[in-house]
Student: 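Encoded as structure tokens, here's the structure I'll be asking about.
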Amino acid sequence: MKLLIVDDQMSVVEGLKKGVNWKAIGFSEVDTAYNAVDARASLRRRPADVMLCDIEMPMENGLELLAWMREQGMETRCIFLTAHAKFNYAQEAVRLGGFDYIIQPAPYSEIGRAVAKAAEDVLSGREQAQLQQMGKAFHQQEPAIAANVLRGFLRRQPNGRDVTTLEKLGILPMRSKAGYVALLHVMRWEEGEDPWVGPLLGVAIGNIAKEMFEPHGELSALSFMEESSFALLLQNTEGEEMPLESVTRQLMFLKSACEQYFHCSLACYLDGPIPVADAPARWEKLKVMRDDNVSLWPGVFQLEEKPRVPHTFRVLQIRGWCSLLKEGYPEAMENEGMALLDKLVENHQLDAATLRVFYQDFLQMVYFTLEGSEDKLHEMFRSPEDLELYRNGMKSVDNMKKLLHHVAENFAVPVPASDQKAVVDKVRRYIGEHLENELRRDELAEYVHLNPDYLTRIFKKETGCTIKEYVIRQKLEEAKMLLRTTSLPISFIAAKVGYCNFSHFSYAYKKVLGITPQEERQGTDKG
């Protein structure tokens with residue numbers, strides 16, 4: 001620390017400098033000045049922690065010097081020395097934040113005690129500032145710290161001292177009291193939406209949860225656990241029991257918020273009220289509920305303590321798909337598989353165990369169809385994306401459907417490049433002859449006996465546009481011709497090219513051809 005002694009009398013300055021053991025008090029530097037100008041120069045070099053200063057000095061007094069120091073933002077503790085006990089001096093010293101006021105002459109021991117007290121205040125201030133900085137840093141990191149401690153608690157790997165500390169700070173629910181534990185599982189993202197990174201999504205969901213629960217005196221703690229799953233602990237901080245209906249309603253609101261703001265579907269698996277200390281055991285049961293929801297139903301589901309009767313629904317039809325693949329009908333195999341999965345979901349016969357058996361039987365059928373060829377199987381799943389399909393097929397119905405489609409696509413016999421133009425021309429002729437129909441992609445693919453995705457690829461390669469774009473263009477060009485060459489009602493023309501909804505027809509016509517059907521007709525009439 002630095003001490004600055006300021007007095008216009010050299011004898012006073014030297015006496016103060018040598019009369020007290022400043023080093024013992026904690027000062028590593030003791031500087032002196034005989035006027036305010038010299039004092040300012042010393043302070044500019046390095047601000048003093050404590051200043052002993054005479055009030056009455058020529059040119060500029062000690063009070064004016066302190067006022068300048070405060071303007072510069074210096075927090076120096078200033079102890080004034082004066083031979084005159086004037087009240088207005090003391091009043092101004094207090095207003096400027098002076099630390100003490102000593103009437104001269106005073107013994108060095110008294111001055112030493114006053115400076116020592118000021119030095120203690122400096123150190124205390126530094127410690128307080130450091131604690132505030134630490135508190136600020138902790139507040140900024142509080143969600144991440146709480147999430148890590150909660151994760152360890154639910155995984156039965158807790159640091160007991162950390163859990164207790166966060167309980168006392170009111171950041172985590174008390175283990176000795178009742179509360180709720182919920183598993184939040186983010187499942188599907190809207191098409192075109194990039195999934196959020198887990199921890200980032202956890203911060204966003206955690207903020208919404210706090211806004212929902214805190215106004216009711218309810219503490220919420222959220223942690224990202226694994227893949228797309230989050231843990232949520234809830235507890236009323238006012239000692240009242242949280243009604244199950246209220247918690248369920250709030251979680252339904254949270255589900256709706258995720259759909260609205262993050263464009264994803266959410267399933268909430270809930271248990272409570274329970275002693276929070278039992279949350280790790282209940283967490284494992286909630287994970288089983290999550291894994292059994294292979295149909296990815298969104299909603300709020302309460303844990304039921306019913307004994308589970310092991311039952312796996314066997315799907316014998318899978319064995320017959322081998323002949324479909326061998327005979328060149330992969331699309332039929334895919335359609336049967338999709339329909340079967342949908343039926344199992346509709347009848348609530350599909351859980352994690354049944355889907356796992358479905359997956360295993362399906363891959364066994366594929367392996368048998370390939371006559372046990374490891375090379376062909378590796379070729380089918382050679383890319384990282386293909387391997388992801390292979391590994392994740394048993395995790396959800398959506399993934400299993402993707403795997404079915406991938407296998408069907410690999411068994412489809414590609415059309416030789418020389419024949420692709422003929423196939424596309426055939427499709428174009430069919431479209432031209434059936435403009436009054438809806439003309440779905442699957443219908444066109446079935447007409448030429450190709451996989452829909454494969455047909456889409458070769459069609460765009462040959463025409464430069466998708467099947468849907470081509471169909472819309474052809475329908476509207478036909479409508480344009482009829483508008484120009486006939487007096488048929490516009491609504492009749494719309495129906496003739498497959499548009500049952502007149503507004504939809506008018507919108508599509510304007511979007512593709514730049515004018516409305518009415519404007520097209522009026523332009524023809526004027527011509």
Side-chain angles (χ1 to χ4, degrees), residues 191-192 324 327-343 346 401-402 404-405 408-409 411-417 419-524:
E191 188 174 351
L324 290 175
E327 293 168 14
Y329 297 103
E331 297 88 355
M333 182 278 299
E334 180 182 354
N335 292 336
E336 278 196 27
M338 298 289 189
L340 183 56
L341 285 170
D342 289 339
K343 184 178 180 181
E346 184 181 350
K401 286 183 174 181
K402 290 176 183 177
L404 274 167
H405 177 71
E409 199 172 43
F411 271 95
V413 179
V415 177
D419 296 338
Q420 288 180 6
K421 186 177 185 306
V423 170
V424 172
D425 287 343
K426 185 177 180 180
V427 171
R428 293 169 71 172
R429 283 195 301 273
Y430 183 88
I431 291 171
E433 295 167 0
H434 298 81
L435 290 175
E436 70 279 6
N437 298 336
E438 191 172 349
L439 293 173
R440 296 181 179 275
R441 185 188 70 157
D442 291 353
E443 172 192 343
L444 298 171
E446 186 177 353
Y447 175 66
V448 291
H449 309 292
L450 288 179
N451 177 277
D453 287 341
Y454 182 71
L455 173 61
T456 299
R457 287 200 300 272
I458 66 173
F459 191 93
K460 187 166 186 179
K461 178 182 175 183
E462 292 293 328
T463 65
C465 62
T466 65
I467 293 174
K468 182 178 180 180
E469 291 168 344
Y470 182 84
V471 168
I472 292 174
R473 169 65 70 169
Q474 292 305 303
K475 285 175 177 287
L476 297 178
E477 289 292 344
E478 177 70 9
K480 180 179 178 181
M481 184 272 293
L482 293 172
L483 285 167
R484 288 185 170 189
T485 60
T486 74
S487 58
L488 293 170
I490 297 177
S491 59
F492 183 83
I493 292 174
K496 192 170 178 60
V497 293
Y499 282 90
C500 298
N501 186 310
F502 180 78
S503 297
H504 187 197
F505 168 71
S506 184
Y507 173 80
Y509 199 98
K510 175 69 182 290
K511 182 179 180 182
V512 175
L513 299 180
I515 61 174
T516 65
Q518 292 85 348
E519 290 169 340
E520 188 77 65
R521 172 61 60 83
Q522 290 168 3
T524 302

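In what follows, every heavy atom counts, from backbone to side chain, and hydrogens, waters and symmetry copies are set aside.
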Student: Between atom CD of E519 and atom OG of S506, what is the distance when rounded to the nearest 0.5 Å?
Tutor: 8.5 Å

Student: Please report the C-alpha distance between E336 and M333 in whole Å, then the side-chain angles of each, then the deciding distance to 0.1 Å, and finally whether the side chain to side chain contact (heavy atoms under 4.5 Å, CB included) criterion is met.
Tutor: CA-CA 5 Å; E336 278 196 27; M333 182 278 299; 5.9 Å; no

Student: Would K468 and R441 count as a side chain to side chain contact (heavy atoms under 4.5 Å, CB included) here? Give the steps.
Tutor: CA-CA 8 Å; K468 182 178 180 180; R441 185 188 70 157; over 6 Å; no

Student: Test side chain to side chain contact (heavy atoms under 4.5 Å, CB included) on V497 and Q474 and set out the steps.
Tutor: CA-CA 9 Å; V497 293; Q474 292 305 303; over 6 Å; no

Student: Looking at side-chain heavy atoms only, is the closest gap between E346 and D342 below 4.5 Å?
Tutor: no

Student: If I take atom CD1 from residue I472 and atom OH from residue Y499, how far apart are they, to the nearest 0.5 angstrom?
Tutor: 5.0 Å

Student: Can you tell me how far the OG1 atom of T463 sits from the NZ atom of K460, to the nearest 0.5 Å?
Tutor: 9.0 Å

Student: What do you reckon, is CD of E446 surrounded by more than 12 foreign heavy atoms closer than 6.0 Å?
Tutor: no

Student: With rounding to the nearest 0.5 Å, note down the distance linking CG in L483 to OH in Y509.
Tutor: 5.0 Å

Student: Mark yes when over 12 heavy atoms from residues, nucleotides or ligands other than K426 sit less than 6.0 Å from its NZ; otherwise mark no.
Tutor: yes

Student: Does any part of the side chain of K401, heavy atoms only, come nearer than 4.5 Å to the side chain of H405, both counted from C-beta?
Tutor: no

Student: Just by modelled atom types, is the L435 backbone N or O under 3.5 Å from a matching donor or acceptor in the K475 side chain?
Tutor: yes

Student: Using 0.5 Å steps for rounding, measure from the CZ atom of F505 to the NZ atom of K496.
Tutor: 12.5 Å

Student: Counting only N and O atoms by type, is there a donor-acceptor contact under 3.5 Å from the side chain of N437 to the main-chain atoms of L439?
Tutor: no

Student: Check this for me: F502, atom CZ, are more than 12 non-hydrogen atoms of other residues, nucleotides or ligands nearer than 6.0 Å?
Tutor: yes

Student: Would you say the side chain of V471 lies within less than 4.5 Å of the side chain of E438, judging by non-hydrogen atoms?
Tutor: no

Student: Please indicate whether R440 has more than 12 foreign heavy atoms, meaning atoms of other residues, nucleotides or ligands, lying under 6.0 Å from its CZ.
Tutor: no

Student: Where do F411 and E334 land on the side chain to side chain contact (heavy atoms under 4.5 Å, CB included) test, with the steps shown first?
Tutor: CA-CA 11 Å; F411 271 95; E334 180 182 354; over 6 Å; no

Student: Side chains of D442 and N335, heavy atoms from C-beta outward: is any pair under 4.5 Å?
Tutor: no

Student: Nearest 0.5 Å, please: how far is CD in E469 from CD1 in I467?
Tutor: 10.5 Å

